[in-house]
Amino acid sequence: MLKFLNQVGEYAKESFQAAKYIGQGLGVTFDHMRRRPITVQYPYEKLIPSERFRGRIHFEFDKCISCEVCVRVCPINLPVVDWEFNKETKKKQLKHYSIDFGVCIFCGNCVEYCPTNCLSMTEEYELATYERHELNFDNVALGRLPYKVTDDPMVTPMREFAYLPKGAIDPHEVSYTDRRAGLRPEEIIEK
């Protein structure tokens, strides 16, 4: 009898917990139902990526020392580093560097562990092509810096909903130079 009562008690506890989680999920759904939809006219308006956005990788050929740390930390061994040993200087000399963005998972490990900071993440997210081979970027293509959304004269930059100033609902009515909601990481550290 005691075992049966314990089972009924566990069942009731799990039922209340399930109802609580369903209530939380419905709360998020109803919160989004109250918001007005925001339409971005894509080629002419673009959202400004967040500060920690991980887009296409930028590579600086002159800084690279061919240490291959980026290849070792990459979960899929993606960067291709081609080098030869220079007997005069007794150092590795980089010949070619490439990354295939059709396979890249944009984890950022190569950027984080690079000892010379020759790799960095950009804000570029438009990597759509008609052929898969066009996504294989060599050291020349990786060296090109993309336009920032805020610098492109053909585009109206808009803030994402989470980064709008307090009380603002529509990003079309707010200038991208206005202060965003919340504190920046530097301001949090200062406190």
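The figures that follow rest on heavy atoms only: side chains count, while hydrogens, waters and symmetry mates do not.
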[Y] reachable from [X] in the ILVMFWY side-chain graph, under 4.5 Å edges:
X    : Y    : value
F85  : Y97  : yes
I76  : M121 : yes
F106 : F59  : yes
V73  : V111 : no
V71  : L142 : yes

Considering all heavy atoms, the nearest [X]-[Y] contact:
X    : Y    : answer
P115 : I65  : CG-CD1, 4.4 Å
H58  : E60  : NE2-CG, 3.6 Å
V149 : P49  : CG2-CD, 4.1 Å
P43  : V155 : O-CG2, 4.0 Å
C107 : R54  : O-NH1, 2.9 Å
I105 : P75  : CD1-CG, 3.8 Å

How long is the gap from [atom1] on [X] to [atom2] on [Y], to the nearest 0.5 Å?
X    : Y    : atom1 : atom2 : result
E112 : N117 : CD    : CG    : 11.0 Å
D62  : T116 : CG    : OG1   : 10.5 Å
I99  : C70  : CD1   : SG    : 7.0 Å
L94  : C67  : CG    : SG    : 10.5 Å
Q93  : E88  : CD    : CD    : 9.5 Å
L26  : M33  : CG    : CE    : 10.0 Å

Of all pairs that satisfy side chain to side chain donor-acceptor pair (under 3.5 Å), the ones with a partner from residues 122-147, not counting sequence neighbours =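 Checked against side chain to side chain donor-acceptor pair (under 3.5 Å) - neighbours excluded - the pairs reaching residues 122-147 are Y42-E126, K46-E126, R56-E124.
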Criterion side-chain contact (heavy atoms from CB on, under 4.5 Å) on S98 and H96, from CA distance to verdict | CA-CA 7 Å; S98 67; H96 184 76; 3.8 Å; yes
By side chain to side chain donor-acceptor pair (under 3.5 Å) - contacts of E45 (at least two apart) |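 Partners of E45 by the side chain to side chain donor-acceptor pair (under 3.5 Å) criterion, ordered by chain and then number, come out as H172.
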Report the residues that fulfil side chain to side chain donor-acceptor pair (under 3.5 Å) with D31, sequence neighbours left out, ordered by chain and then residue number.
->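 By the side chain to side chain donor-acceptor pair (under 3.5 Å) rule, D31 matches R34, R35.
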Is it true that atom OH of Y113 has more than 12 heavy atoms of other residues, nucleotides or ligands lying nearer than 6.0 Å?
->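 Check fails, neighbour count at 12 or below.
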Flag the pair [X] / [Y] as yes when at least one side-chain heavy-atom distance between them is below 4.5 Å, and no otherwise.
X    : Y    : value
K13  : S15  : no
I57  : S120 : no
C118 : C64  : yes

Side-chain donor-acceptor pair under 3.5 Å between Q17 and Y21, yes or no?
->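 On atom types as modelled, these side chains qualify, holding a pair under 3.5 Å.
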Does K92 make a cation-pi contact with W83, if we ask for NZ or CZ under 6.0 Å from the ring centre and within 45° of the axis?
->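 Yes - K92 lies over the ring of W83, closer than 6.0 Å to its centre and within 45° of its axis.
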From CA spacing to verdict: ring-ring contact (aromatic ring centres under 6.0 Å, His included), F137, F101 | CA-CA 7 Å; F137 283 38; F101 288 111; 5.1 Å; yes
